[in-house]
Protein chains: 2
Amino acid sequence: MSASPELDAYDRAILAILQRDNTTPQRVIGERVNLSAPAVQRRIRRMEETGVIRANVALVDPARVGHPITIFVEVEVESERAELIDAAKRGFAAVPEVQQCYYVTGEADFILVVTVASMADYEALTRRLFFADNNVKRFRTFVAMDRVKVGLEVSLA
Amino acid sequence: MSASPELDAYDRAILAILQRDNTTPQRVIGERVNLSAPAVQRRIRRMEETGVIRANVALVDPARVGHPITIFVEVEVESERAELIDAAKRGFAAVPEVQQCYYVTGEADFILVVTVASMADYEALTRRLFFADNNVKRFRTFVAMDRVKVGLEVSLA
DNA sequence: GTTCCAAACGAAACAAACTTGCATTTCAAC
DNA sequence: GTTGAAATGCAAGTTTGTTTCGTTTGGAAC
């Protein structure tokens with residue numbers, strides 16, 4: 001899971017395809033990158049084992065499963081004592097509505113991406129998550145009007 | 001792609017599995033949700049056709065492909081004229097390093113998630129993206145120290 | 001309660017994709 | 001050149017995905 005045996009151009013080409021559609025048959029991938037299907041398969045397996053590929057998932061449209069609202073939250077904490085920060089990380093990560101959580105530098109300490117069914121639900125969430133937590137000094141809310149670009153694709157250029 | 005024939009408990013159970021691992025065999029899914037493999041298959045295909053499932057992708061660890069730095073950027077524009085906003089959307093979305101882009105309400109107009117190889121690269125990106133654009137009034141940078149929770153999973157509770 | 005229809009289901013046959021074993025090739029170090 | 005480790009392609013074998021088809025289910029109209 002740790003060794004980084006260096007990715008070559010084949011690996012990158014395969015990743016570029018899988019990042020967009022991991023249902024692409026290995027035979028087709030092989031044709032596009034000029035390798036046989038077994039070679040492709042072995043490279044994929046190796047990248048999965050070494051953690052280059054972290055997961056294979058279906059991307060679901062939040063609006064179609066009852067979460068039409070996406071919200072960004074900047075959270076500022078009172079104390080940055082390590083154990084309090086760790087507790088905050090665990091707390092945020094455990095909430096299903098919190099889709100993403102980052103610990104950041106700058107004018108905020110955490111940035112969260114949240115999906116909810118309604119603003120009322122968001123309001124209830126802020127109560128549970130921020131107002132009930134003594135270590136949260138302040139938070140700022142940004143409601144997404146347009147999800148211009150959504151994904152976790154990484155540039156391989 | 002538009003009709004919403006309402007998802008039932010089976011569909012949700014299937015989605016919950018696919019959101020975490022879309023390589024799970026249909027038979028296994030069937031066993032877990034109490035359906036036959038063909039039934040599972042038909043439901044998945046329907047959800048793909050109707051857009052509930054937007055894509056099937058491999059999630060790649062950015063650090064392992066040369067992009068160890070994740071950055072949030074709040075962008076504030078001068079004018080919110082529709083055509084300028086649309087131009088900004090297209091411009092941001094076209095940049096490979098811009099992994100996510102949202103048009104938001106609040107103290108900023110856009111929030112970007114960017115992955116880069118180095119701060120020097122980020123500096124170069126800001127030059128191209130913000131300083132060269134007359135409509136960008138100001139931007140704020142938040143560098144991720146810890147990617148506490150990363151994903152696009154949607155709560156189905 | 002019965003009839004009818006459309007939608008969804010399961011079992012089995014079928015097709016496609018994945019996986020493994022093995023001989024060959026590649027390439028760098030000697 | 002020779003050697004050895006690593007990767008490759010081919011072909012066989014296995015698993016998974018897909019289609020067919022007859023049956024069941026769940027309503028709506030009667």
Side-chain angles (χ1 to χ4, degrees), chain A residues 1-61 63-66 152-154 156-157, chain B residues 1-61 63-66 152-154 156-157:
Chain A
M1 187 75 138
S2 48
S4 297
E6 203 67 31
L7 302 178
D8 64 13
Y10 285 125
D11 292 323
R12 285 221 173 68
I14 293 169
L15 281 182
I17 294 170
L18 294 180
Q19 275 197 122
R20 297 188 176 246
D21 182 2
N22 72 350
T23 68
T24 312
Q26 295 169 354
R27 174 181 47 82
V28 174
I29 297 174
E31 289 167 9
R32 288 199 215 156
V33 304
N34 285 321
L35 279 176
S36 66
V40 171
Q41 127 82 5
R42 284 185 281 254
R43 283 167 177 271
I44 292 175
R45 192 168 53 83
R46 192 167 52 103
M47 292 193 285
E48 285 173 347
E49 286 171 354
T50 60
V52 175
I53 296 174
R54 298 188 67 86
N56 288 284
V57 303
L59 300 188
V60 173
D61 186 340
R64 301 295 292 277
V65 293
L152 291 175
E153 198 176 328
V154 183
L156 297 173
Chain B
M1 186 76 137
S2 48
S4 296
E6 201 69 29
L7 302 179
D8 63 13
Y10 286 125
D11 291 323
R12 284 219 178 67
I14 293 169
L15 281 181
I17 294 170
L18 294 181
Q19 275 196 124
R20 298 191 176 242
D21 183 2
N22 71 351
T23 68
T24 312
Q26 295 170 354
R27 290 169 209 200
V28 175
I29 297 174
E31 289 166 11
R32 287 200 216 155
V33 305
N34 284 322
L35 278 176
S36 67
V40 171
Q41 204 271 354
R42 285 185 284 255
R43 284 167 177 272
I44 292 175
R45 191 168 53 83
R46 192 167 52 104
M47 292 192 284
E48 285 173 346
E49 285 171 355
T50 59
V52 176
I53 295 174
R54 297 189 67 84
N56 287 283
V57 304
L59 300 189
V60 173
D61 186 339
R64 300 296 293 276
V65 293
L152 291 175
E153 198 175 329
V154 183
L156 298 172

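Just so it is clear, the structure is predicted and the values come from calculations on it, not from any experiment. Letters A, B, ... mirror the listed sequences (proteins, then strands); counts begin at 1.
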Would you please name every residue forming a side-chain contact (heavy atoms from CB on, under 4.5 Å) with A/Asp61, sequence neighbours left out?
A/Ala63, A/Arg64, B/Arg54
Check residues 27-34 of chain A and write down every donor-acceptor pair under 3.5 Å in which the side-chain atom is one partner and the other belongs to a residue at least two apart or another chain.
none

Which atom pair, heavy atoms only, marks the closest approach of [X] to [Y]?
X: A/Leu18; Y: A/Ile53; value: CD1-CD1, 4.0 Å
X: A/Gln41; Y: A/Gln26; value: CB-OE1, 3.3 Å
X: B/Asp11; Y: B/Asp8; value: N-OD1, 2.9 Å

Length of the line joining B/Ile14:CD1 and D/dG17:C1', which is rounded to integer Å
15 Å
Gap between atoms CD and C1', on A/Glu6 and D/dA6 respectively (whole Å):
16 Å
Are more than 12 heavy atoms from other residues, nucleotides or ligands located less than 6.0 Å from atom CZ of A/Arg12?
yes
For the helix from C/dG1-D/dC30 to C/dC30-D/dG1, figure out the bend between the end axes, five pairs an end, and round to 10 degrees.
40°
Protein within reach of the bases, or only the backbone? For nucleotides 8-21 of chain C, mark each nucleotide 5' to 3' as B, S or -, using heavy atoms under 4.0 Å.
SBBBB----SSBBB
All N/O contacts under 3.5 Å from nucleotides 22-27 of chain D to the protein, with atom names and distances to one decimal?
none

From [atom1] ([X]) to [atom2] ([Y]), nearest 0.5 Å:
X: A/Leu7; Y: A/Thr50; atom1: CG; atom2: OG1; answer: 7.0 Å
X: A/Ile44; Y: A/Ile14; atom1: CD1; atom2: CD1; answer: 6.0 Å
X: B/Asn56; Y: A/Leu59; atom1: CG; atom2: CG; answer: 7.5 Å

Protein-nucleic acid N or O pairs under 3.5 Å, nucleotides 26-28 of chain C:
none

